[in-house]
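Step one of this worksheet: look at the structure below.
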Protein chains: 2
Amino acid sequence: MKKINVHVADDHKVLVDGISAVINTDSEIEICGYSLTGQQVIDWFSKKRNKADVLILDITMPIKDGFDVLRYFKEKRIFQKVIIFSSYDDLKIVQEALSLGCYGYVTKKSAGEHIIDAIKAVAKGEQYFSDDIKKILLKTFTNQVTSTGDLPDKIIIESLTDRELEVLKYIAYEMNSGEIAEKMSLSVSTIDTYRKSLLKKLNVKNSVGIAMYAVRNKLI
Amino acid sequence: MKKINVHVADDHKVLVDGISAVINTDSEIEICGYSLTGQQVIDWFSKKRNKADVLILDITMPIKDGFDVLRYFKEKRIFQKVIIFSSYDDLKIVQEALSLGCYGYVTKKSAGEHIIDAIKAVAKGEQYFSDDIKKILLKTFTNQVTSTGDLPDKIIIESLTDRELEVLKYIAYEMNSGEIAEKMSLSVSTIDTYRKSLLKKLNVKNSVGIAMYAVRNKLI
DNA sequence: ATTATCATCACCATTTATGGGGAGTCTCCC
DNA sequence: GGGAGACTCCCCATAAATGGTGATGATAAT
C-alpha cells in the first residue's frame with residue numbers, strides 16, 4: 001500500500017523532529033519534507049514535483065504564517081489537505097482556519113497520541129479535530145448556526161413583498177426577466193419593476209447583488 | 001417584566017396539557033394558545049393579532065406537519081422562534097428543521113426538565129438543543145463543514161486560470177466590467193473575455209450564475 | 001372616505017452583458 | 001522549434017438590465 005506522505009511545517013525545529021519521530025513509528029506514514037517558515041512551505045509546494053498527502057501546519061511562523069499558507073492554497077486552488085497544529089484554541093482562529101479550508105485542527109497540548117489518527121483521517125478525506133477544539137466548535141454551532149441574520153437585514157426582508165421575494169428567488173436561479181415573466185405569467189415590464197424595487201430595497205448594485213443577498217440571508 | 005408567550009402544537013392533547021402544566025410552574029412564561037394540527041398552527045399565526053414569542057412544535061401532526069409549518073413561516077418571512085419538540089433524533093430530520101429556521105430542538109425523551117430552559121434561551125434569541133441532539137450535531141459538523149465540494153466541481157475550479165478567478169471574485173462583489181477593468185488595470189474588452197470564458201467553463205447562464213458558483217464553492 | 005400599499009403594466013433612454021469572431025505576445029514544455 | 005495555454009485586446013451585433021416616470025385597479029388600514 002502506498003504510504004501517506006506528510007510535510008511538517010513549524011518554526012521550532014525540535015517540534016518538527018518530535019513530530020517526525022512520532023510519525024515514523026507508524027508504517028503507513030512517512031515524512032516527505034519539512035519547513036520552518038510559511039514562505040518555505042509555499043516555495044516547497046509551488047514546485048510541481050513536490051507533493052504531500054497531508055501538511056501539518058503551525059500557525060505561528062516567521063515570514064508568512066499558517067494563514068498565509070492556507071490563503072496561498074486557496075488562491076492557487078490547490079486542494080491540499082492541511083492539519084493545523086497550533087497552541088491556539090481560540091474560536092476565531094479555529095473558524096478562520098476552517099474557512100480557509102483546513103481539514104483538521106489539533107492543539108499542541110492535546111496532541112501527541114492523536115496526531116497519527118488525525119493524519120490518517122485527513123488522508124482519507126475526513127476531518128479531524130482534537131477534543132478541545134470539538135468542544136469549541138460545538139459551542140459555536142449551538143450559538144450561531146442558522147442565526148437568521150441581524151436586525152437591519154431582518155427589517156429589510158420583512159419589507160419585501162411576496163412578489164418581490166418570488167422574483168428574487170428566480171433571479172438567484174439565474175433566470176432572466178423573460179423567463180421569470182413566463183414562469184409567473186406576468187409581463188416582462190412587471191418583472192423589471194420588481195427588479196428595480198429589489199435593487200433599491202436591498203441597496204445593491206445589480207442582479208448579482210440580489211442573488212448574493214438571497215444566499216446570505218438564506219432566502220433561497 | 002413581560003411574560004414569555006408560548007404556543008404549543010402537538011397532536012396529542014395529553015402532551016399539550018402536560019407541557020402547559022410544566023410551563024405554568026414558571027412565573028416568567030405563559031401559554032397563549034395551542035394547536036393539534038399543523039393547519040391549526042398556520043391558521044392561528046396567520047391572524048395578525050395572534051402572536052407568540054416561542055412556538056413549541058411537534059413534527060408529526062395530521063393535516064400539515066411541523067415542517068409545513070416551518071416552511072409557512074419561511075415563505076411568509078415570519079421570524080417566529082420555534083422549538084421543535086419531537087421524538088425524532090434523526091440527523092436528516094434535525095438538519096431539515098435547522099435549515100427551515102427553527103431555533104431549538106428538544107427530543108421528547110430528553111425533555112421535561114429542559115423545556116423551560118429551552119424556552120427561555122430561545123426567547124432571548126439564543127439556540128437550544130437537548131444533549132442528544134447536540135451530540136448528533138457535532139458529528140455532522142465534524143464530518144461535513146468546510147468539505148470543499150465534490151469531484152466534478154473541483155476539476156472545473158482547477159481549470160480556471162488565475163485571471164478568471166480574480167474576475168469571478170470581483171463579479172461576486174457586484175462589480176461591472178468597467179469597474180473590474182479599472183481595478184485590474186486592464187481594458188474592458190479583456191474583462192468581457194474572461195466573463196465569457198467563465199460562463200462557458202462554469203456552465204452557467206449569466207453573472208448571477210458565476211457569483212452563485214463562487215459562493216457554493218467557497219471561492220470568495 | 002381617504003390614505004397607503006401592493007400588484008400590474010408601459011414607454012423611454014442608457015448602460016451592461018452576452019455571443020461570435022479574430023489576433024497578437026508570452027511562457028512553458030516536449 | 002513547434003504547440004499549448006494563458007493573457008491581452010479588438011470588432012460587431014444582439015440581448016438584457018438599469019433608471020426614470022407614470023398609471024390603473026385592488027385591497028387594507030385608519
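Chain letters run A, B, ... following the sequence lines, proteins first and then strands; every chain starts at 1. Heavy atoms only: backbone and side chains are in, while hydrogens, waters and symmetry mates are out. Worth saying up front: this structure is predicted, and the values here are computed from it rather than measured.
- For residues 157-183 of chain A, there are no ring pair (Phe, Tyr, Trp, His ring centres under 6.0 Å) pairs, not counting sequence neighbours.
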Worksheet entry | Heavy-atom protein contacts under 4.0 Å, nucleotides 6-20 of chain D, coded B base, S sugar-phosphate only, - none | SSBBB-----SSBBB
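- Using cut-offs of 30° and 60° on the angle between ring planes, the pair A:W44 and A:H7 is tilted.
- Note on residues 14-38 of chain B: no pairs pass ring pair (Phe, Tyr, Trp, His ring centres under 6.0 Å), not counting sequence neighbours.
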Discussion item. Before you tell me yes or no, could you show the steps for B:E96 and B:R71 under salt bridge (charged side-chain N to carboxylate O under 4.0 Å, His left out), namely the whole-Å CA-CA distance, both residues' side-chain angles and the distance that decides it to 0.1 Å?
Written reply: CA-CA 10 Å; B:E96 176 73 3; B:R71 273 188 284 272; 3.5 Å; yes
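- Rounded to an integer number of Å, the gap from CG of A:L165 to P of C:dA7 is 10 Å.
- Taking atom CD of A:E166 as the reference point, atom P of C:dC6 lies 15 Å away to the nearest angstrom.
- Under the side-chain hydrogen bond (donor to acceptor under 3.5 Å, both in side chains) criterion, A:T190 pairs with A:S187, sequence neighbours left out.
- The pair A:K169-A:E166 fails the salt-bridge criterion, with no side-chain N (NZ, NE, NH1 or NH2) lying under 4.0 Å from an Asp/Glu carboxylate O.
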Considering only distance and modelled atom types, tabulate donor-acceptor pairs under 3.5 Å from the side chains of residues 177-185 of chain A, sequence neighbours left out.
| residue | atom | partner | partner atom | Å |
| --- | --- | --- | --- | --- |
| A:S177 | OG | A:D192 | OD1 | 2.9 |
| A:S177 | OG | A:R195 | NH1 | 2.8 |
| A:E179 | OE1 | A:N176 | N | 2.9 |
| A:E179 | OE1 | B:K205 | NZ | 3.0 |
| A:E179 | OE2 | B:K205 | NZ | 2.7 |

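- With axes fitted over five pairs at each extremity, the angle between the ends of the helix from C:dA1-D:dT30 to C:dC30-D:dG1 is 50° (10° resolution).
- Look at B:D53 and B:K3 and you find no salt bridge, because none of the NZ, NE, NH1 or NH2 atoms lies under 4.0 Å from a carboxylate O.
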